[in-house]
Amino acid sequence: MGGQEPTEGPLTDEELQLAARNRGMPLEALRYDITPTGLHYLLVHFDIPEIDESSWRLEIAGNVERPQSLSLEQLRNRPSRTMPVTMECAGNGRARLRPRPVSQPWLVEAVGTAEWAGTPLRDVLVEAGVRTDTAEIVFGGADHGLQGGVEHDYERSLSLGVAMRPEVLLAYEMNGRPLEPQHGAPLRLLVPGWYGMTSVKWLTRITAVTEPFDGYQQAIAYRYQREETDPGEGVSRMRVRALMLPPGYPDFLTRRRLVEPGIVPVRGRAWSGGADVVRVEFGVDDAWTDAELLAPLGRFAWRGWSFQWEAAPGDHVLSCRATDEAGNRQPLQQSWNYQGMGNNLVQTVPVTVGRP
Ligand SMILES: Nc1nc2c(c(=O)[nH]1)N[C@H]1C(S)=C(S)[C@@H](COP(=O)(O)O)O[C@H]1N2
Ligand SMILES: [Mo]
């Protein structure tokens, strides 16, 4: 994210390496309310760190009255909360931009919904006695690497106000099981509604600071920039988006879908980090009709939708387009930015109806 010039050409070796390490959610997994853990998307910047859970501690320090050093058992003995939360990578959609920002080349599949369990961060901060002149809380991971020429641990910050929101968790379980190594074991931050980079995995340090945090993953990566020299604006909440389960069956190489003519039930999911999803439109060759919305799964989880498509023989392009309560609606044209962040351009699914 950052540091490499955008390109128009085929995938680079660097992008292919990243794509082979970091899986997306296969779109047929949109059929599940809760994404099975092995189908949830994954993004690991550096290496999965080696952590000994028996000696692991969460250190809470900085601008606090009572610094803390908490074991996993102490955290598990605190009040717990479980909730379905949809998480999406801020880079989802990047590979559809032209020119293409060079980084993890997601198309649309960097999303998943899990039942996360943990203890609310807020009470832990209150017990540590965070001082009132605190500007931000910095969350440090145990993973380490080089990005954009800068050596660092993966670290991100939140304003004190966001960190104190009741839905923000120190999460130790995903889908009823302890976190798996790739998802941040033994503990991660979970910030519902925000793009995934906020939810720091392999969490080991929480530090209250009085000045805005200027670490690499905060001040340089994850910014909406017009160009490399533009300081840009920080990426935060997930933009509104709908996805569909591609109907019919795929051609192996092109992924074009093949369906029989007649009524084809199409379903999908829609979410927004800013407000509730209130509308999904289904598009066939640029003609749009409202889809039916299903009951929400939870305040911070995606919402199902369905549409009965009358498929006429021939080649078609299907799409879906969500709108949230705040009036945000997915764009039909790309809105380009240098790092390829937050590209919620509508999904398009090429389909052949009848024998090709
Ligand atoms: N410590 C640490 N936390 C991290 C990351 C990372 O590389 N290191 N990746 C972030 C990004 S960019 C995303 S999108 C989510 C992905 O979470 P998942 O792999 O559990 O789906 O984790 C975030 N937390
Ligand atoms: Mo991400």
Side-chain angles (χ1 to χ4, degrees), residues 1-2 18-19 21-26 29 34-51 56 58 85-95 101 103-118 138-148 150 152-158 168-175 177-206 215-218 220-224 234-239 241 271 273 339-344:
M1 282 138 226
L18 286 170
R21 277 186 64 79
N22 296 305
R23 63 163 184 246
M25 182 189 70
I34 300 296
T35 313
T37 303
L39 295 178
H40 194 279
Y41 87 98
L42 200 62
L43 197 118
V44 176
H45 281 72
F46 305 131
D47 290 348
I48 296 169
E50 191 171 1
I51 294 176
W56 177 92
L58 176 66
V85 174
T86 296
M87 189 186 294
E88 181 186 15
C89 181
N92 203 12
R94 173 182 294 124
S103 183
Q104 169 72 27
W106 299 119
L107 294 164
V108 293
E109 61 292 276
V111 65
T113 297
E115 284 275 6
W116 297 94
V138 183
F139 301 89
D143 51 331
H144 187 87
L146 197 63
Q147 193 177 335
V150 181
H152 59 280
D153 291 346
Y154 187 94
E155 289 182 306
R156 293 268 315 170
S157 70
L158 288 174
V168 177
L169 297 185
L170 297 173
Y172 43 71
E173 271 183 24
M174 179 182 185
N175 296 341
R177 310 258 310 149
L179 293 188
E180 294 195 353
Q182 68 276 18
H183 289 295
L187 187 81
R188 79 180 300 171
L189 182 66
L190 185 78
V191 185
W194 286 55
Y195 277 121
M197 74 287 168
T198 320
S199 293
V200 175
K201 302 195 273 192
W202 311 294
L203 187 62
T204 53
R205 300 174 308 282
I206 295 180
Y216 186 88
Q217 300 293 344
Q218 193 75 28
I220 301 183
Y222 298 106
R223 305 199 70 86
Y224 293 114
V235 174
S236 60
R237 291 178 175 276
M238 297 183 292
R239 289 179 169 172
R241 191 199 287 274
W271 64 94
Q339 297 184 25
M341 294 293 169
N343 179 22
N344 62 340

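Numbering of ligands and ligand atoms starts at 1, following listing order. Predicted model, so just to flag it, every value in this text is computed and none were measured.
Within ligand 1, counting atoms from 1 as listed, the ones closer than 4.0 Å to a heavy atom of Leu42 are 19 (O), 21 (O). Under a 4.0 Å criterion applied to the non-hydrogen atoms of Cys89, ligand 1 contributes the atoms 14 (S). Residue His45 approaches ligand 1 through these ligand atoms, each under 4.0 Å from one of its heavy atoms: 5 (C), 6 (C), 7 (O), 9 (N), 12 (S). Remark: ligand 1 atoms within the under-4.0 Å shell around heavy atoms of Ser199 are 22 (O), 23 (C), 24 (N). Below 4.0 Å from some heavy atom of Met87 lie the following atoms of ligand 1, by number and element: 17 (O).
Considering backbone and side-chain N/O atoms, Trp116 never comes within less than 3.5 Å of an N/O atom of ligand 1. Considering backbone and side-chain N/O atoms, Tyr222 never comes within less than 3.5 Å of an N/O atom of ligand 1. No N or O atom of Val44 sits closer than 3.5 Å to an N or O atom of ligand 1. Polar contact with ligand 1: absent for Glu88 (N/O pair, distance under 3.5 Å).
In Asp143, the part holding a heavy atom less than 4.0 Å from any atom of ligand 1 is the side chain. Contacts between Phe46 and ligand 1 below 4.0 angstrom, taking non-hydrogen atoms only, are absent altogether. Using a 4.0 Å cut-off between heavy atoms, His40 contacts ligand 1 through its side chain alone, with no backbone atom that close. Residue-level proximity to ligand 1 for Ala90 is absent, since no heavy atom of it falls below 4.0 angstrom.
Taking CD from Gln339 and CZ from Arg223, the interatomic distance works out to 8.5 Å, rounded to the nearest 0.5 Å. Put simply, CZ on Arg23 and CD on Glu109 are 12.5 Å apart, with the number rounded to the nearest 0.5 Å. To the nearest 0.5 Å, atom OG1 of residue Thr86 and atom CE of residue Met238 are 6.0 Å apart. The OH atom of Tyr41 sits 11.0 Å away from atom OG1 of Thr35, with the distance rounded to the nearest 0.5 Å. Rounded to the nearest 0.5 angstrom, Arg239 CZ and Trp271 CH2 are separated by 14.0 Å.
Selection from Met174, His183, Arg188, Glu180 by nearest heavy atom to atom 17 (O) of ligand 1 gives Arg188.
In this pair, Trp116 and His183 present their aromatic rings perpendicular. The plane angle is above 60°, beyond the 30 to 60° band.
Looking at Trp202 and Val44, their side chains come closer than 4.5 Å, going by heavy atoms from C-beta outward.
Partners of Asp143 by salt bridge (Lys or Arg N to Asp or Glu O under 4.0 Å), not counting sequence neighbours: none found. Residues passing the salt bridge (Lys or Arg N to Asp or Glu O under 4.0 Å) test with Glu115: none are found, sequence neighbours excluded.
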